[in-house]
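The block underneath contains the structure these notes are about, expressed in structure tokens.
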Amino acid sequence: MRRQGTACVESNKAETQQVEKPCTEETCEAADEEDEFPHPIPWQKIEAQELDCDYGLLFSKEEASRLFMQLEEEVEYFTGEEAKLQVYGKTYSVPRKQATYGDEGLVYSFSGVHLAARVWTPTLEYIRDATTNATGHTFNFVLINRYKDGEDHIGEHRDDERELDPSCPIALVSLGAVRDFVFRHKDARKEPKKCHIEPVKLELAHGSLLLMNSPTNTYWYHSLPVRKKVKTPRISLTFRRIIKGRQKRKKE
DNA sequence: GCTCTCCCAGTGAA
DNA sequence: ATTCACTGGGAGAG
């Protein structure tokens with residue numbers, strides 16, 4: 001049995017447990033407007049020093065599987081130069097596939113790549129709206145990462161791009177294989193001997209939604225580590241709100 | 001005692 | 001110092 005941290009979320013438990021805690025004001029507000037996603041999510045709060053997340057199941061297993069298959073048909077991932085990133089003069093091919101969708105004209109930049117958002121597909125709009133109804137937040141952009149198996153991964157990073165609206169949490173929807181997800185506090189990475197802030201480890205279930213609230217992304221790095229046992233793909237969708245005008249201009 | 005996996009610390013490069 | 005991915009070594013499982 002693998003060791004796990006104290007804040008670990010057991011996905012199978014989350015699926016069956018009945019939490020009657022009411023949703024937040026924001027959640028109810030959004031749910032009232034439309035009937036499409038009428039059921040409030042039972043949220044689990046995940047907290048640590050300067051870390052504030054909400055975790056819940058957004059989709060049933062059946063619906064999540066349907067959405068996963070649709071995305072496998074619809075989503076076009078970047079290839080070639082756009083699938084590489086550049087950090088301090090070194091070029092890497094990312095160990096996963098990436099795609100960006102969003103409102104017209106949005107460009108998302110990180111680590112030396114500038115990715116123009118493609119137009120929303122019907123499935124992505126559906127997932128986006130379900131996320132909005134569950135959270136009360138609206139999103140104009142989504143970064144999609146596809147991890148073909150347990151070898152694909154992403155290293156520790158923060159989503160602290162300047163163009164992100166700091167008042168809007170980042171919403172991470174997971175479909176497909178269950179993967180571990182690890183938060184580490186920035187002080188714990190720098191001075192692990194002096195600083196005793198433990199990493200926070202989660203399992204992200206098929207159909208789950210993880211909300212990363214402010215100021216989580218200022219202080220905590222997160223990663224999706226290699227897991228050799230995982231043989232099937234996972235698609236993650238991170239919905240964000242980009243502030244127009246803060247983006248880097250391509251030219252001009 | 002092996003092998004595999006995970007985790008941590010260290011490295012590169014402008 | 002910073003970024004991201006990679007590498008090597010040690011620990012733990014079986």
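Order of the sequence lines sets the chain letters (A, B, ...), proteins ahead of strands, with each chain counted from 1. Here the structure is a predicted model, which is why all the values come from computation and not from measurement.
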(request) Measure from NZ or CZ of R234(A) to the centre of the six-membered ring of F181(A), then state whether that distance is under 6.0 Å and the direction lies within 45° of the axis. (result) no
(request) May I ask you to evaluate whether S111(A) reaches the phosphate of dC4(C), defined as a side-chain N or O under 4.0 Å from OP1 or OP2? (result) yes
(message) Just the rounded figure in Å: distance from P of dT3(B) to NZ of K228(A).
(response) 16 Å
(message) Taking 4.0 Å as the cut-off, does a side-chain nitrogen or oxygen of Y221(A) come that near to OP1 or OP2 on dT3(C)?
(response) yes
(request) Report the nucleotide, chosen from dC4(C), dC7(B), dA5(C), that has the shortest atom-to-atom distance to any side-chain atom of V94(A). (result) dA5(C)
(request) Using whole Å, report how far CZ of R227(A) lies from C1' of dC7(B). (result) 9 Å
(request) Whole angstrom is fine here: how far is it from CD in Q98(A) over to P in dC4(C)? (result) 11 Å
(request) Give the C-alpha distance, both sets of side-chain angles, the deciding distance and a yes or no for side chain to side chain donor-acceptor pair (under 3.5 Å) between Y108(A) and R240(A). (result) CA-CA 10 Å; Y108(A) 187 56; R240(A) 302 138 191 266; 2.6 Å; yes
(message) What's P225(A) touching, base or sugar-phosphate or nothing? Going by heavy atoms closer than 4.0 Å.
(response) nothing
(request) Compare the minimum distances between each of dA9(B), dT3(C), dA5(C) and the side chain of R158(A), then state the nucleotide with the smallest one. (result) dT3(C)
(message) Does this structure show an ion pair linking K45(A) with D52(A), if we count only N-O contacts that are shorter than 4.0 Å?
(response) yes
(message) Can you confirm if the NZ or CZ of R96(A) lies within 45° of the ring axis of Y77(A) and under 6.0 Å from the centre of its six-membered ring?
(response) no
(message) Whether H153(A) contacts dC6(C) is assessed here as follows: a side-chain N or O lying under 4.0 Å from the phosphate OP1 or OP2. Is that the case?
(response) yes
(request) Report the distance from atom CG of N217(A) to atom P of dT3(C), rounded to the nearest whole Å. (result) 13 Å
(message) Students often get this wrong, so: under 4.0 angstrom with heavy atoms, is K90(A) touching a base, only sugar-phosphate, or nothing?
(response) base
(message) What is the separation between atom CG on D159(A) and atom C1' on dC4(C), rounded to the nearest whole Å?
(response) 13 Å
(request) Rounded to the nearest angstrom, tell me the gap between atom CD in E151(A) and atom P in dC4(B). (result) 13 Å
(message) Distance check needed: dC4(C) C1' versus R189(A) CZ, whole Å only.
(response) 10 Å
(message) Just to be sure I understand the rule, does K84(A) reach a base, reach only the sugar-phosphate, or reach nothing, if contact means heavy atoms closer than 4.0 Å?
(response) nothing
(message) Among dC6(B), dA5(C), dC7(B), which nucleotide has an atom closest to any side-chain atom of K201(A)?
(response) dC7(B)
(message) Check this for me, if you would: do E151(A) and K228(A) make a salt bridge, where the nitrogen-to-carboxylate-oxygen distance has to be below 4.0 angstrom?
(response) yes
(message) Taking the minimum atom-to-atom distance to the side chain of P95(A), which one of dT3(C), dC6(C), dA9(B) wins?
(response) dC6(C)
(request) Have a look at R96(A) and say if it touches a base, only the backbone sugar-phosphate, or nothing, with a 4.0 Å heavy-atom cut-off. (result) sugar-phosphate
(message) How many whole angstroms separate atom CD of E156(A) from atom P of dC7(B)?
(response) 11 Å
